[in-house]
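Read through the structure below, which is laid out as structure tokens, and then see the notes.
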Amino acid sequence: MDMQPGLPRPLRIACVTETYPPEVNGVAMTIARLVQGLRERHHVVQVVRPRQAGDAGATAGDGHADVLVRGVPLPRYQGLRMGLPCTGTLVRLWKQHRPDVVHIATEGPLGRSALLAAKALGLPVCSEFRTNFHAYSQHYGFGFLRRPIMEYLRRFHNATQCTMVPTQALHDDLRQDGFRNLMTVARGVDVRRFDAAHRSDALRTQWGAGPDDLVVTCVGRLAPEKNLITLLAAFEAIRRTQPRARLVLVGDGPMRKELQARCPDAVFAGQRIGGDLAAHYASADLFLFPSTTETFGNVTTEAMASGLAVVAFDYAAAQRLICHGENGALAPFDDTAAFVATAARIAAGLASCRVLGARARASVMALDWDSIAAQVEGVMLSVMRAETPAADYAFASARHSSV
């Protein structure tokens, strides 16, 4: 792929993230696809991330090679780590090998260290708002922290020159909450990997589903913030008219045992990746996504690309991509009764459900990752060429820490 016309050379980009494959979550996957897209456009991308199990060892970086820093397990989120503060390390590294722009994908201790280091060196900085941490707090007994978390996020992002958000609705909400310098940049989907062509009759048989049986699925972390009790309520309503329907949950998390006890007939497939994940999507018929805490919801686009009818609440990716009754179905935001009723209605006709799925795939075919990488490239160039806007320098003037 070609860079933007007129670029004299590839950009040197430092991409800072607390999570990255082989960790399995939407943030890790989309950051990796963005990095791949930018590299395919010939840019030099240095990924700064916590060291994971299996990595050879931490390094302070070699030029623009990837940088692995110390990390610790993320509380209550098995399998993920967060980076420890390392501002001094990044200052020394970027002083010697100066990036053109720093892109911060997550707002944890590593992201904050990157922001402080970039400000100390006068580097252009852009960021992404990827996770509703303030909304998650109420699901883990920390609802009283919602306001200070939002204050931290606002100060963090307002100290960068641009914050990318995936939907216009989120853009408008954050602007009302005092966030500045927002830019809407959509998320992509790999329409070659996620395709109805990967449907597997053998997998459906393994689930106990015949050719004319409805398979309902949901993909994601089995955790309180995903509102999975509403999913079970919807499936119970579906079973009243479709007694042979099967429920397949792809993913893992702290609610697995509770969900197994509530719905012992469900198939718990665990975490799946790559072609195996694509086959699990494509072998279902109906995708139910009851979460109300998403910034985007990448699984929505993956399900649509896989040819599934999707029922979701009217916000985030679903609001942007689904036309109710044409290529999926929407329920009013956080209206559990409406979600359950909508799911039962869509599930009642298998043939019409599959028609919705075919239309869903057609509607996301243009969301290829190269076009998204091109948009991000444009944002980075704008940040590099603009004068630094007024920012919360009180946040960025803390003493540097080092490791």
Side-chain angles (χ1 to χ4, degrees), residues 1 17 19-40 47 49 52-55 78-80 187-211 213-222 226 246-253 256 266-289 296-310 317 321 328 353-354 356-373:
M1 299 296 177
T17 176
T19 182
Y20 204 72
E23 293 175 339
V24 181
N25 61 78
V27 175
M29 183 276 293
T30 54
I31 293 171
R33 289 298 287 115
L34 175 60
V35 167
Q36 178 183 336
L38 290 169
R39 286 172 172 167
E40 288 174 351
V47 178
R49 62 170 177 85
Q52 301 171 3
D55 286 327
Q78 185 177 3
L80 296 186
R187 302 270 170 83
V189 64
D190 189 339
V191 296
R192 287 168 291 184
R193 166 161 289 176
F194 298 104
D195 188 337
H198 299 307
R199 189 178 181 88
S200 169
D201 290 336
L203 190 55
R204 287 175 61 88
T205 299
Q206 180 182 323
W207 295 339
D213 293 335
L214 177 76
V215 174
V216 178
T217 191
C218 184
V219 177
R221 179 167 156 80
L222 305 183
K226 299 300 183 180
R246 302 291 290 163
L247 175 62
V248 178
L249 295 176
V250 181
D252 210 342
R256 179 165 181 159
V267 176
F268 288 81
Q271 288 186 341
R272 303 285 169 163
I273 60 174
D276 190 21
L277 174 61
H280 276 69
Y281 270 116
S283 300
D285 304 294
L286 176 61
F287 187 85
L288 301 185
F289 192 52
F296 188 71
N298 301 297
V299 294
T300 300
T301 54
E302 292 170 357
M304 294 176 73
S306 301
L308 303 187
V310 175
L321 299 171
C353 186
R354 289 175 176 169
L356 290 177
R359 292 174 180 169
R361 174 166 173 79
S363 66
V364 299
M365 290 298 290
L367 295 178
D368 62 287
W369 273 105
D370 180 61
S371 66
I372 305 305

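Excluded from the calculations below are hydrogen atoms, water molecules and symmetry mates; all remaining heavy atoms, backbone and side chain alike, are included.
- Between Leu308 and the choices Thr217, Thr300, Leu286, the side chain to side chain contact (heavy atoms under 4.5 Å, CB included) rule is met once, by Thr217.
- Closest approach of Val215 and Ala209 over heavy atoms only: CG2-CB, 3.5 Å.
- Minimum interatomic distance between Gly251 and Leu222 (heavy atoms only, all atoms of both residues): O-CD1, 3.6 Å.
- Judged by distance alone, with hydrogens and angles left aside, the side-chain atoms of Arg361 form a donor-acceptor pair with the main-chain N or O of Phe194 at under 3.5 Å.
- Shown here for Leu214 and Cys353, the closest heavy-atom pair between the two residues is CD1-SG, 4.5 Å.
- No more than 12 heavy atoms of other residues, nucleotides or ligands shown are found within 6.0 angstrom of CG on Asp201.
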message = As a quick check of understanding, evaluate side-chain contact (heavy atoms from CB on, under 4.5 Å) for Trp369 and Gln36, giving each step before the final call.
response = CA-CA 9 Å; Trp369 273 105; Gln36 178 183 336; over 6 Å; no
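- The shortest heavy-atom contact between Ala278 and Arg193 is CB-O, 3.3 Å.
- Considering CZ of Arg187 and CG of Leu321, their distance stands at 12.0 Å, rounded to 0.5 Å.
- Gln271 CD to Asp252 CG: the interatomic distance, rounded to the nearest 0.5 Å, is 6.0 Å.
- Listed by first and then second residue, the salt bridge (charged side-chain N to carboxylate O under 4.0 Å, His left out) pairs that reach into residues 202-211 are Arg204-Asp285, sequence neighbours excluded.
- Of all non-hydrogen atoms in Gln52 and Pro22, the two that sit nearest each other are OE1-CD, 2.8 Å.
- Looking at heavy atoms from C-beta onward, Asp368 lies out of side-chain contact with Val191 at the 4.5 angstrom threshold.
- Annotation: side chain of Phe296 is in contact with side chain of Thr301 (closest heavy-atom distance under 4.5 Å).
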Test side-chain contact (heavy atoms from CB on, under 4.5 Å) applied to Val219 and Leu277, step by step: CA-CA 9 Å; Val219 177; Leu277 174 61; 4.1 Å; yes
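- Applying the ring pair (Phe, Tyr, Trp, His ring centres under 6.0 Å) rule to His280 yields the partners Trp207; only residues at least two apart in sequence or on another chain are considered.
- Considering all non-hydrogen atoms of both residues, Ala366 and Ser371 come closest at O-OG, 4.0 Å.
- Side-chain contact between Tyr281 and Arg272 is absent, with no heavy atoms from C-beta onward closer than 4.5 Å.
- Between the CG atom in Leu38 and the CZ atom in Arg33 there is a gap of 11.0 Å [rounded to 0.5 Å].
- Between the CG atom in Leu356 and the CE atom in Met304 there is a gap of 10.0 Å [rounded to 0.5 Å].
- The CD1 atom of Ile372 sits 6.0 Å away from the CG atom of Leu367 when rounded to the nearest 0.5 Å.
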*side-chain contact (heavy atoms from CB on, under 4.5 Å) evaluation trace for Asp213 with Arg246*: CA-CA 8 Å; Asp213 293 335; Arg246 302 291 290 163; 5.6 Å; no
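- In this structure, Glu302 and Met29 have side chains that are in contact, with non-hydrogen atoms separated by less than 4.5 Å.
- Atom CZ of residue Arg199 and atom OG of residue Ser306 lie 11.0 Å apart, to the nearest 0.5 angstrom.
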